[in-house]
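Quantities reported herein were computed from a predicted structural model and do not represent experimental measurements. Numbered from 1 within each chain, the chains take letters A, B, ... in sequence-line order.
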There are 2 protein chains.
Amino acid sequence: MTRILGIDPGSQRTGIGIIDVDGAGRVSHVHHAPLVLLGAEDFPQRLRVLLDGLTAVIATWQPDEVAIEKVFMARNPDSALKLGQARGAAISAVVLRDLPVHEYAAKEVKLAVVGRGSAEKTQIQHMVGIMLNLHGKLQADAADALAVAITHAHVRATAKRLGVSSQLAWSRK
Amino acid sequence: MTRILGIDPGSQRTGIGIIDVDGAGRVSHVHHAPLVLLGAEDFPQRLRVLLDGLTAVIATWQPDEVAIEKVFMARNPDSALKLGQARGAAISAVVLRDLPVHEYAAKEVKLAVVGRGSAEKTQIQHMVGIMLNLHGKLQADAADALAVAITHAHVRATAKRLGVSSQLAWSRK
């Protein structure tokens with residue numbers, strides 16, 4: 001059993017989703033929660049809330065591997081900068097714990113979860129709920145975090161079948 | 001005597017500049033060096049080089065306070081994202097050591113160092129060299145890192161004269 005932490009970084013809320021994947025590539029839900037970053041007094045403190053929160057999540061849930069969404073083109077340079085800072089702090093928390101980080105583009109996540117690279121957000125929320133046997137509506141950031149974890153689980157399983165490293169398997173697709 | 005670490009974050013090179021400021025607001029050069037992030041195998045590893053490098057700089061030089069440039073509008077969302085990630089990792093290294101971080105806009109730095117908010121990069125390099133009594137040409141990232149440290153030193157000194165916190169002093173200007 002391998003535990004995967006999926007992260008959907010955001011400068012106001014960062015989604016956290018944890019799943020387990022067994023040797024056959026079957027996924028099961030472990031935990032999901034948002035890290036809410038608003039309310040901190042300034043931006044550096046907001047990044048600290050993210051760092052400390054993610055560090056606590058890693059300590060509590062002990063993931064083996066981490067998957068994070070490669071950021072889609074942000075609306076403008078200012079929001080890209082804020083998002084980049086949140087992503088930088090999230091990756092910092094992960095690499096400080098010596099965990100391997102795998103990055104997936106939004107399109108790869110949609111393809112893995114919905115089967116179409118152009119799927120809508122609501123379809124991801126719906127499919128993640130079905131795949132993980134969750135009841136009730138998932139919030140978008142939790143769904144995205146779980147979705148990138150599921151994507152990594154699938155890539156790993158494919159890689160295992162092919163007997164190659166997961167990064168290689170993915171690039172062959 | 002207060003030791004200030006100035007950081008000029010970049011996703012390929014991050015400038016590091018350290019100065020001391022005495023009770024009268026006089027600054028003196030302590031150290032400067034670039035953290036070169038290229039060569040790391042992937043982006044998360046590049047952020048790790050930045051985190052570990054900055055953590056080592058903090059452990060070695062023991063700054064009391066940290067100043068970092070607020071990022072000017074980047075050319076496009078993609079470069080803003082990369083720059084944001086580097087900045088997020090840099091701030092992470094600092095807040096993890098419980099050091100206070102002060103942010104200054106490029107315009108504030110230019111005003112403090114050159115006396116004009118619209119100064120050119122080369123004027124900053126020149127003035128930083130004069131203010132810190134350095135011989136030879138400074139590289140742009142070192143000059144920017146030292147410049148933001150000098151800016152913070154000046155803001156601190158002004159704040160001290162006015163008997164207010166440095167953030168307050170600056171916003172009154």
**Prompt:** Can A/Leu51 be reached from A/Val36 by stepping across I, L, V, M, F, W or Y side chains whose heavy atoms are under 4.5 Å apart?
**Reply:** no
**Asked** Does A/His29 NE2 have over 12 foreign heavy atoms under 6.0 Å away?
**Response** yes
**Message:** Between A/Met131 and A/Ile4, is there shared hydrophobic-cluster membership here, with clusters defined by ILVMFWY side-chain heavy atoms closer than 4.5 Å?
**Reply:** yes
**Prompt:** If Ile, Leu, Val, Met, Phe, Trp and Tyr residues are connected whenever their side-chain heavy atoms lie under 4.5 Å apart, and connections chain through other members, are A/Ile130 and A/Val114 in the same group?
**Reply:** yes
**Any donor-acceptor N/O pair, B/Arg48 side chain to A/Val95 backbone, under 3.5 Å** = yes
**Item:** Interface residue of largest heavy-atom contact number with chain A, from B/Asp42, B/Ile91, B/Asp52, B/Val94, under 4.5 Å
**Value:** B/Ile91
**Item:** Distance in Å, A/Phe43 CZ paired with B/Lys70 NZ, rounded so as to fall on 0.5 Å steps
**Value:** 12.0 Å
**Request:** Please name the pair of heavy atoms, one in B/Leu47 and one in A/Gly88, separated by the smallest distance, quoted to 0.1 Å.
**Result:** CD1-CA, 3.8 Å
**Prompt:** So, do A/Leu81 and B/Leu81 sit near enough that their side-chain heavy atoms are less than 4.5 Å apart?
**Reply:** no
**Asked** Do other residues, nucleotides or ligands put more than 12 heavy atoms under 6.0 Å from the NZ atom of A/Lys110?
**Response** yes
